[in-house]
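All values derive from a computational prediction rather than experimental measurement. Excluded from the calculations below are hydrogen atoms, water molecules and symmetry mates; all remaining heavy atoms, backbone and side chain alike, are included.
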Amino acid sequence: MGWFPVDPQFVTPEWLSEVLGGEVRSCRLEQIGVGIGLLGRIYRVHLEGTNVPASVVVKMPTLDEQARRVLGEDLELYLKEVRFYQEIGNANPLPPAHPYFAAIDEATHDFILVLEDLRHLRVADQTIGCTPGDAETVVDAIARQHAHWWQSNRLSTLPWLRPYATPPFPAVLAANAKAAWPRFLELVGADLSSRLRDFGQRLPSLIPWYLEQISRPPCTFIHGDLRLDQLFFGTRPGDPAVTALDWQVTQLGRGAYDLAYFVSQSLTTEARRACEAALIERYRSRLAEAGIDYPASELQRDYRLTTALCYIYPLLVAGRIEVVNNRHLELLRTMASGAAAAIEDHDALALRPD
């Protein structure tokens with residue numbers, strides 16, 4: 001199928017019938033996920049028909065022109081997510097929603113995903129925080145994902161899946177961090193320590209070093225944006241323990257990346273402090289069960305590096321993506337405060353090129 005709709009008004013019963021292989025007699029679109037998903041528009045499409053599901057989810061690019069251009073397009077985030085669904089999808093050990101259709105126009109970066117609706121699964125709110133039990137489930141899933149792809153020969157057959165340090169990614173990320181800093185200060189600057197203010201100002205110049213460090217072999221397939229709002233937990237027999245959405249920031253890197261980002265920004269500071277050491281050891285043990293040795297000293301260093309680098313996420317959310325509602329703002333503040341506390345707890349800023 002060559003043509004695909006670039007506007008939700010053109011998601012019609014006729015087009016969906018072709019995509020889903022059944023008869024869609026009527027469809028109704030309902031926008032969801034505002035203030036949760038950050039770089040796309042997401043719609044639940046309610047269907048009436050024969051041999052089709054009751055609903056599907058459609059994802060398209062954001063209408064925020066700046067975020068689309070400087071993040072979705074310049075960092076090739078949309079391209080990577082579509083390629084993930086086209087070339088891996090359900091075969092991935094950390095399962096995504098089942099893709100019915102995935103397409104992108106590489107010239108314009110318009111894309112569309114038609115995905116399984118995961119509404120029967122349990123969701124948790126990142127602004128409230130992940131429970132220790134759910135965190136264990138997620139860490140197990142991260143370890144399965146990483147073990148499966150660890151130094152895999154197949155990685156070389158996926159040209160869209162590149163190490164973090166591959167140009168132009170470092171330069172584009174650094175430019176975005178520099179541009180985002182004033183707006184980030186405006187929104188959350190009152191809560192920043194002097195150390196973090198200094199770090200935020202220096203971060204653009206440090207990004208190439210950080211990315212080089214987390215791109216050292218051995219590498220694995222990194223989800224890259226593994227946060228609680230994008231995870232769905234099983235509720236009935238046969239459900240995966242956890243399902244993940246938003247495969248836009250996929251890269252090759254050190255395994256600690258997904259672990260540190262998730263733990264530092266998806267648990268409350270109190271919960272993280274209570275269970276963090278056990279979660280790190282749980283991850284290392286799960287890899288060991290798969291025959292992979294991630295020495296504790298290397299894992300701890302990579303974890304600290306990532307904890308510092310991932311301050312880039314709330315920075316970009318504040319300064320390069322339009323804050324659309326109070327929930328979006330609360331998410332930003334949750335990510336920023338959690339990251340800041342984890343950086344201080346791990347003395348993560350002590351790791352630096354000089």
Legend entry - Trace of the side-chain contact (heavy atoms from CB on, under 4.5 Å) decision for Arg301 with Leu351: CA-CA 8 Å; Arg301 182 178 186 274; Leu351 296 173; 4.2 Å; yes
Legend entry - Side-chain heavy-atom pair Val242, Leu94 within 4.5 angstrom cut-off: yes
Inset, instruction - Walk me through it: do Leu211 and Leu309 pass the test side-chain contact (heavy atoms from CB on, under 4.5 Å)? - result: CA-CA 8 Å; Leu211 296 182; Leu309 173 61; 3.8 Å; yes
Inset, instruction - Measure the CE-CG distance between Met335 and Leu316 for me, rounded to the nearest 0.5 Å. - result: 9.0 Å
Inset, instruction - Please check if the side chain of Thr157 supplies one atom and the backbone of Arg154 the other of a donor-acceptor pair under 3.5 Å. - result: yes
Inset, instruction - To the nearest 0.5 Å, tell me how far Asn176 CG sits from Leu315 CG. - result: 9.0 Å
Inset, instruction - Quick one: do Asp229 and Arg327 satisfy salt bridge (charged side-chain N to carboxylate O under 4.0 Å, His left out)? Show the steps, please. - result: CA-CA 12 Å; Asp229 275 350; Arg327 205 282 176 180; 2.6 Å; yes
Legend entry - Non-hydrogen side-chain atoms of Arg320 and Gln66 separated by less than 4.5 Å: yes
Legend entry - Polar side-chain atom of Glu116 near backbone of His98 as donor-acceptor pair, under 3.5 Å: yes
Legend entry - Between CG on residue Leu203 and OH on residue Tyr311, distance to nearest 0.5 Å: 10.0 Å
Inset, instruction - Treat each ILVMFWY residue as a node, draw an edge where side-chain heavy atoms are under 4.5 Å apart, and state whether Leu16 and Ile42 are in one component. - result: no
Inset, instruction - Search all heavy atoms of Ile321 against all heavy atoms of Ala67 and return the closest pair with its distance. - result: CG1-CB, 4.0 Å
Inset, instruction - For the pair Arg304 (side chain) and Asp347 (backbone), establish whether a donor and an acceptor sit closer than 3.5 Å, ignoring hydrogens and angles. - result: yes
Inset, instruction - Of all the heavy-atom pairs spanning Glu30 and His46, show the shortest one and how long it is. - result: OE1-NE2, 2.8 Å
Inset, instruction - Answer yes or no: is there a side-chain heavy-atom contact under 4.5 Å between Val6 and Ile112? - result: no
Inset, instruction - Find out if a path of hydrophobic residues (ILVMFWY) with successive side-chain heavy-atom gaps under 4.5 Å connects Val11 to Val24. - result: yes
Inset, instruction - Assess whether side-chain contact (heavy atoms from CB on, under 4.5 Å) is satisfied between Leu252 and Arg162, documenting all intermediate values. - result: CA-CA 5 Å; Leu252 295 181; Arg162 298 185 289 269; 5.8 Å; no
Legend entry - Charged N-O contact under 4.0 Å between Arg68 and Glu65: no
Legend entry - 4.5 Å side-chain heavy-atom contact, Val34 and Arg41: no
Legend entry - ILVMFWY cluster, Leu113 and Val57 together (side-chain gap under 4.5 Å): no
Inset, instruction - Please work out which of the three classes, parallel, tilted or perpendicular, describes the rings of Phe84 and Trp247, given edges at 30° and 60°. - result: parallel
Inset, instruction - Can you establish whether the number of heavy atoms outside Glu48 located under 6.0 Å from its atom CD is more than 12? - result: no
Inset, instruction - To the nearest 0.5 angstrom, please state how far the CG atom of Leu75 sits from the CD atom of Glu73. - result: 10.5 Å
Inset, instruction - Step by step, work out the side-chain contact (heavy atoms from CB on, under 4.5 Å) result for Arg83 and Gln86. - result: CA-CA 5 Å; Arg83 291 288 180 260; Gln86 289 175 334; 2.7 Å; yes
Inset, instruction - Assess the side chains of Glu289 and Ser285: does a donor N or O sit below 3.5 Å from an acceptor N or O? - result: no
Inset, instruction - Start with the C-alpha distance between Phe111 and His109, add both sets of side-chain angles, then the distance that settles ring pair (Phe, Tyr, Trp, His ring centres under 6.0 Å), and finish with yes or no. - result: CA-CA 6 Å; Phe111 78 92; His109 293 267; 9.6 Å; no
Inset, instruction - Answer with yes or no whether the hydrophobic clustering places Leu267 together with Val123; edges join I, L, V, M, F, W, Y residues whose side-chain heavy atoms lie under 4.5 Å apart. - result: yes
Inset, instruction - Please examine the side chains of Ile207 and Ile312, heavy atoms only from C-beta on, and report whether any two atoms are closer than 4.5 Å. - result: yes
Inset, instruction - Run the numbers on Arg195 and Asp198 for salt bridge (charged side-chain N to carboxylate O under 4.0 Å, His left out), then give the verdict. - result: CA-CA 5 Å; Arg195 285 188 78 205; Asp198 178 64; over 6 Å; no
Inset, instruction - May I ask you to check whether Tyr261 and Asp225 show a side-chain donor-acceptor distance below 3.5 Å? - result: yes
Inset, instruction - Would you please say whether a donor-acceptor pair under 3.5 Å links the side chains of Arg25 and Ser17? - result: no
Inset, instruction - Report yes or no: do Phe10 and Leu29 belong to one cluster of Ile/Leu/Val/Met/Phe/Trp/Tyr joined by side chain heavy-atom distances under 4.5 Å? - result: yes
Inset, instruction - Kindly say whether Gln126 contributes a backbone atom to a donor-acceptor pair with the side chain of Ser266 at under 3.5 angstrom? - result: no
Inset, instruction - Would you indicate whether the side-chain heavy atoms of Arg272 and Asp345 approach each other to under 4.5 Å? - result: yes
Legend entry - Main-chain N/O of Pro163 paired to Thr166 side chain as donor or acceptor, under 3.5 Å: yes
Legend entry - Other residues, nucleotides, ligands: >12 heavy atoms within 6.0 Å of Asn326 CG: no
Inset, instruction - Measure across Tyr85 and Ala97 and return the closest heavy-atom pair with its distance rounded to 0.1 Å. - result: CE2-O, 3.4 Å
Inset, instruction - State, with a plain yes or no, whether a side-chain heavy atom of Tyr283 is found less than 4.5 Å away from one of Ile142. - result: yes
Inset, instruction - Decide yes or no for Gln265 and Arg227: does some side-chain heavy atom of the first lie under 4.5 Å from some side-chain heavy atom of the second? - result: no
Inset, instruction - Answer yes if the ring centres of Tyr294 and Trp150 are under 6.0 angstrom apart, and no otherwise. - result: yes
Inset, instruction - May I ask you to check whether Tyr164 and Tyr257 place their ring centers less than 6.0 Å from one another? - result: yes
Legend entry - Thr235 side-chain N/O to His120 backbone N/O, donor-acceptor pair under 3.5 Å: yes
Inset, instruction - Determine yes or no for a side-chain-to-main-chain donor-acceptor pair under 3.5 angstrom, with Asp302 supplying the side chain and Leu299 the backbone. - result: no
Inset, instruction - State, to 0.1 Å, how close Ala244 and Leu226 come at their nearest heavy-atom pair, and which atoms those are. - result: CB-CD1, 4.3 Å
Legend entry - Pair His223-Gln145, side-chain donor/acceptor within less than 3.5 Å: no
Legend entry - Stepwise salt bridge (charged side-chain N to carboxylate O under 4.0 Å, His left out) check, Asp191 with Arg197: CA-CA 10 Å; Asp191 299 325; Arg197 279 178 174 267; over 6 Å; no
Legend entry - Gap separating the CG atom of Asn92 from the CZ atom of Arg144, nearest 0.5 angstrom: 11.0 Å
Inset, instruction - Please confirm whether His146 and Phe221 have ring centers closer than 6.0 angstrom. - result: no
Inset, instruction - Taking all heavy atoms of Val45 and all of Cys27, pick out the closest pair and write down the distance. - result: CG1-CB, 3.8 Å
Inset, instruction - Go through the side-chain N and O atoms of Thr127 and Asp125 and say whether any donor and acceptor fall under 3.5 Å apart. - result: yes
Inset, instruction - Give the minimum heavy-atom separation between Arg254 and Pro218, together with the two atoms involved. - result: NH1-CD, 3.1 Å
Legend entry - Electrostatic pair Arg183-Glu186, nearest N-O below 4.0 angstrom: yes
Legend entry - Side-chain (Asp110) to main-chain (Asp105) donor-acceptor, under 3.5 angstrom: no
Legend entry - Gap separating the CG atom of Leu196 from the OG atom of Ser194, nearest 0.5 angstrom: 8.5 Å
